[in-house]
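Note that the numbering runs from 1 along the sequence shown for the chain. Remember, it's 1-based here, ligands and their atoms both numbered in the order they're listed.
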Amino acid sequence: MAIQIPRGTQDIMPGEVEKWHFIEETAKKICRNYQYKEIRTPIFEHTELFQKGVGDTTDIVQKEMYTFDDRGGRNLTLRPEGTAAVVRSFTENKMFGYANQPVKLYYNGPMFRYERPQAGRFRQFVQFGAEALGSEDPAIDAEIISLAMELYTRLGLKKLKLVINSLGDKESRIAHRIALINHFKPRIEEFCSDCQNRLEKNPLRILDCKKDRDHELMHSAPSILDYLNDASREYFEQVLKYLTELGIEYEIDSTLVRGLDYYNHTAFEIMSNAEGFGAITTLCGGGRYNGLVQEMGGPETPGIGFALSIERLIAALKAEGIELPIKDNVDCYLVALGDEAKHKSMVLLQQLRKEGFSAEKDYLDRKMKAQFKAADRLNARYVAILGEDELQKGIIMVKSMETGEQTEVSLTDFIEQFKKLSK
Ligand code: HAM
């Protein structure tokens, strides 16, 4: 049997890949508008980076990493997400010393998680993400959220829901943590083994458990919002005020905790409301991670960011029936008949391409009719016909496929005339 693609991965085929280009180009333009610069980090990193960065108690680190020893005995991991590597690079390259602060970065590339594949969940997926390091202004939280929303709305998505929460600062989190432990401890044996392990290590993550989500203690669990100290509450209110001023609607959800350990203060997710989107509705997730840079060996630096997968974005576009305005036509298809014309058409083809036109010809020795058919299939705007007669007369016939109009053009003048015709 022929070898097949690994589970949880996909080929992005011609015809589909144009959507990816369009989305990635749109994301790049938006990042330019928002003044975020691209950073490219390696696909694999030292495993320790994610253990420390993402957190030892998270599902990602415990169950989902593609980890291996290389031939030199180094323990490496295919990156499951982008933030830890950006923070590593920020520290390693001393970006905290850059004149322009905050440092605003974006990335777009494959991530790897050994998850159970299903609609919208892959083992290799592409995350577009942005991180702003070095500012603790609530305005930058609003900017990060606005940037993520802008990508969706610019592509035409409408059925979106922004859900936001505050996880507070360290002091608030400690108070909430104690309340959570007291709440769950007396009946923890009714919960799954993961939750039992989380009780002392990271009780907040119990709230994120899929297995026990209907347990009555889940619904009555103490809300972080009741444990925010004044500074954390004020910070959260400022973020919300900015969002309102920017016209970004939100819903506060005090149970939103996110699956990674590094968050504090703002945490948010953007979901799709579109009917038929499927079980996994989260399109994008992000939040603030003050303290992470320091934990990774850098100076104390606040940070906030988000990541979204292009796969889920495309699924949301499909669910809302949105066709991206993708232009994939050929400007000129050269139909050549006879040996000499074939040679000449190759030269014309090269000239057209050098002038920036998309141009194509026949390579299968097809008859005229079949060449026209090929031009049609490629959505050619013009077909230029070169036969023995035309060659002798030193001309070429240019036919508009939209209007059917034919123009006789001198061969020596072809490129200049084509430029004018096709304007
Ligand atoms: P995350 O919530 O783990 O956060 O992932 C962010 C987004 O990546 C998800 O909302 C989803 O769109 C996409 N995603 C995650 N797993 C899969 C999968 N298996 N298949 C398809 N798409 C997936 C992070 O990764 C954080 N680094 C986000 C962040 C950046 N926080 C601060 N800065």
Side-chain angles (χ1 to χ4, degrees), residues 7-10 12 23 27 36 39 41 45 49-50 53-55 58-61 63-66 78-90 102-133 140-141 143-145 147-149 151-152 157 160-165 167 205 208 256-272 277-293 301-317:
R7 214 164 117 71
T9 67
Q10 61 175 346
I12 300 159
I23 292 166
Y36 283 68
I39 183 166
T41 62
E45 297 269 357
L49 177 80
F50 304 112
V54 176
T58 59
D59 280 356
I60 294 181
V61 170
K63 303 179 188 164
E64 297 171 3
M65 296 208 298
Y66 281 90
L78 299 184
R79 59 183 186 191
E81 60 102 54
T83 312
V86 168
V87 167
R88 178 206 41 76
S89 179
F90 176 86
V103 174
K104 306 204 295 184
L105 303 165
Y106 78 89
Y107 48 88
N108 181 53
M111 307 290 162
F112 306 85
R113 295 185 192 175
Y114 190 79
E115 292 195 87
R116 205 166 49 79
Q118 62 182 92
R121 190 189 283 150
F122 297 88
R123 290 185 171 166
Q124 173 175 333
F125 55 98
V126 173
Q127 267 190 354
F128 164 71
E131 315 284 348
L133 294 119
I140 206 95
D141 299 47
E143 177 176 282
I144 275 285
I145 293 171
L147 168 49
M149 287 299 267
L151 176 60
Y152 293 128
L157 287 171
L160 299 166
K161 184 167 86 173
L162 166 65
V163 181
I164 191 166
N165 189 21
L167 303 174
R205 296 272 298 115
D208 210 21
L256 178 76
V257 296
R258 311 267 308 118
L260 301 94
D261 273 357
Y262 45 61
Y263 293 113
N264 42 57
H265 290 288
T266 313
F268 66 93
E269 287 186 353
I270 301 171
M271 331 275 224
S272 169
F277 184 64
I280 301 176
T281 56
T282 305
L283 299 177
C284 168
R288 185 162 272 289
Y289 46 83
N290 299 347
L292 183 60
V293 177
T301 311
I304 178 158
F306 74 82
L308 58 88
S309 71
I310 311 287
E311 287 83 354
R312 288 193 195 167
L313 198 173
I314 289 175
L317 290 169

Quiz prompt | Check: Thr58 and Phe50 side chains under 4.5 Å, non-hydrogen atoms | solution =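 Side chain of Phe50 against side chain of Thr58, heavy atoms only: no contact under 4.5 Å found.
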Is it true that [X] lies under 4.0 Å from ligand 1, counting heavy atoms only?
X	result
Cys284	yes
Gly303	no
Arg113	yes
Arg258	yes

Quiz item: Ring centroid separation for Tyr262 and Tyr289, is it under 6.0 angstrom?
Solution: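 So the answer is yes for these two rings.
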Quiz item: Angle class for the Phe128/Tyr106 ring planes (parallel below 30°, perpendicular above 60°, tilted otherwise)?
Solution: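 Phe128 and Tyr106: tilted rings.
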Quiz prompt | Closest to atom 5 (O) of ligand 1 among Met111, Arg116, Gln127, Arg79 (heavy-atom distance) | solution =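 When every heavy atom of Met111, Arg116, Gln127, Arg79 is considered, Gln127 comes closest to atom 5 (O) of ligand 1.
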Atom indices of ligand 1 within 4.0 angstrom of [X] heavy atoms, with elements:
X	result
Gly285	10 (O), 28 (C), 29 (C)
Glu131	30 (C), 32 (C), 33 (N)
Tyr289	32 (C), 33 (N)
Thr282	10 (O)

Exercise. Return each pair, listed once, that meets salt bridge (charged side-chain N to carboxylate O under 4.0 Å, His left out) where at least one residue sits in residues 303-315; pairs must be two or more places apart or across chains.
Key: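 Found none.
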Quiz item: Applying salt bridge (charged side-chain N to carboxylate O under 4.0 Å, His left out), which residue pairs with at least one partner in residues 106-118 are found, sequence neighbours left out?
Solution: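 Every pair satisfying salt bridge (charged side-chain N to carboxylate O under 4.0 Å, His left out) with a residue in residues 106-118: Glu115-Arg121.
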Quiz item: Nearest protein heavy-atom contact for atom 27 (N) of ligand 1: which residue, which atom, what distance?
Solution: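 I find the closest protein heavy atom is Glu81 OE1, 2.6 Å.
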Evaluate [X] for polar contact with ligand 1, using N/O atom pairs at a separation under 3.5 Å.
X	value
Leu260	no
Tyr263	yes
Leu308	no

Exercise. Spell out, as yes or no, whether a donor-acceptor pair under 3.5 Å connects the side chain of Arg79 to the backbone of Pro110.
Key: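 Present.
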